[in-house]
Amino acid sequence: MIRVLIADDQPLVRRGLALILGPDPEFEVVGEAEDGARAVVLAGELRPDVVVMDIRMPVLDGVQATAELARTLPDVRVLALSTFDMDEYVVAALRAGAYGFLPKDVSPEELGAAVRIVHAGEAAVAPRLLTRLLSAYVRTPVPAARPSTAAAVPPDMTPREREIWQLLASGLDNAEIAADLDISVSTVKNHITGIFGKLGVRDRAQAVIAAYESGLVEAGSGSG
């Protein structure tokens, strides 16, 4: 059973999410939080497997709450929610440590599937959807220079790894990358593991963010 904590400042949304997940015997809704600060407290007390986290909340927003959970309770997976699927705050949530995001108008089936994926430690973000999100984000003017933490291409990354990283960030899945390069899917997976290690990222979502920040992939260059 997957233990789920729901965090949203709107009571009707919290109740709706609980009613979607609660009847499924695979899920147990262990608590509800009305803001990010309460979500952090309840996560410490209840130790859920997954926190379904709204991005915009009072007291402590979903991005800050996600970062705090990633720091203090790394085994708790966060699935971020946003009213808009093209929202820069979702990118911030992924940077903060969320394992994925969904727009709030997804179907009950998609919500349940995403919670399962996140619980398994995978990124619940479709590659092409993520690419469109990031393309919109990087087009948004920023008031200051990129932070010094912005990703760079690791000097020890091989040409093949760089090529696979670029294809991954352009929205291709493992099978499509394998077909494009005429190599096996298992070889692609091995390269991606090495890419993650050299980038210091946890999953596909963060690898795509790093590709945009490093300049390896530019806005509008994806396939989605």
Side-chain angles (χ1 to χ4, degrees), residues 4-21 29-44 46 48-74 76-108 110-119 122-143 147 149 201-206 208-210 212-213:
V4 180
L5 171 66
I6 297 169
D8 195 289
D9 62 327
Q10 299 182 36
L12 285 177
V13 173
R14 293 199 305 271
R15 181 51 28 200
L17 293 171
L19 289 174
I20 289 172
L21 296 173
V29 177
V30 297
E32 299 178 19
E34 67 275 13
D35 58 59
R38 183 63 177 158
V40 172
V41 171
L42 285 181
L46 302 173
D49 299 304
V50 175
V51 178
V52 178
M53 181 86 73
D54 185 25
I55 293 299
R56 296 182 179 88
M57 290 188 291
V59 185
L60 191 71
D61 67 27
V63 173
Q64 294 172 305
T66 296
E68 182 64 16
L69 290 177
R71 184 181 68 83
T72 60
L73 296 171
V76 175
R77 318 291 194 193
V78 174
L79 173 62
L81 294 183
S82 175
T83 302
F84 305 102
D85 61 3
M86 303 295 284
D87 189 339
E88 71 239 30
Y89 291 107
V90 179
V91 178
L94 294 173
R95 283 203 189 98
Y99 274 70
F101 83 87
L102 291 177
K104 285 187 176 179
D105 60 355
V106 295
S107 69
E110 289 172 317
L111 175 64
V115 172
R116 293 182 187 94
I117 291 170
V118 166
H119 177 250
E122 300 293 333
V125 185
R128 287 177 179 82
L129 180 59
L130 179 62
T131 300
R132 290 198 299 271
L133 172 73
L134 291 171
S135 293
Y137 172 75
V138 297
R139 288 193 189 103
T140 303
V142 291
T149 55
V201 302
R202 184 195 58 226
D203 56 33
R204 210 174 187 95
Q206 293 184 346
V208 175
I209 291 172
Y212 275 92
E213 291 193 327

Sub-4.5 Å side-chain heavy-atom contact between [X] and [Y]:
X	Y	result
Leu111	Pro108	no
Ile55	Val63	yes
Leu81	Leu17	yes
Val76	Val50	no

Walk me through whether Val59 and Glu34 qualify under side chain to side chain contact (heavy atoms under 4.5 Å, CB included). CA-CA 9 Å; Val59 185; Glu34 67 275 13; over 6 Å; no

Arg56/Asp9 ion pair, N-O < 4.0 Å: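 No, Arg56 and Asp9 are not salt-bridged.
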
Taking side chain to side chain donor-acceptor pair (under 3.5 Å) as the test, write out the residues that go with Gln64, two or more places apart.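 For Gln64, no residue satisfies side chain to side chain donor-acceptor pair (under 3.5 Å) once neighbours in sequence are set aside.
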
For [X] against [Y], the heavy-atom pair lying closest together:
X	Y	answer
Val30	Pro48	CG2-CB, 4.1 Å
Gly97	Ala70	CA-CB, 4.4 Å
Ala33	Leu5	N-CD1, 4.5 Å

Measure the spacing between CG of Leu21 and CD1 of Ile6 and express it to the nearest 0.5 Å.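 The CD1 atom of Ile6 is 5.5 Å from CG of Leu21, to the nearest 0.5 Å.
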
Just how far is it from atom CG of Asp49 to atom CZ of Arg77, taken to the nearest 0.5 Å?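 One finds 9.0 Å between CG of Asp49 and CZ of Arg77.
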
Among Thr66, Val4, Leu102, which residue meets the side-chain contact (heavy atoms from CB on, under 4.5 Å) test with Leu79?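 That would be Leu102; it is the only one of Thr66, Val4, Leu102 passing the side-chain contact (heavy atoms from CB on, under 4.5 Å) with Leu79.
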
For the side chain of Asp35 and the backbone of Arg38, is there at least one donor-acceptor N/O pair under 3.5 Å apart?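 Checking the backbone N and O of Arg38 against the side chain of Asp35, a donor-acceptor pair under 3.5 Å is found.
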
What residues form a salt bridge (charged side-chain N to carboxylate O under 4.0 Å, His left out) with Arg14, not counting sequence neighbours?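 By the salt bridge (charged side-chain N to carboxylate O under 4.0 Å, His left out) rule, Arg14 matches Glu32.
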
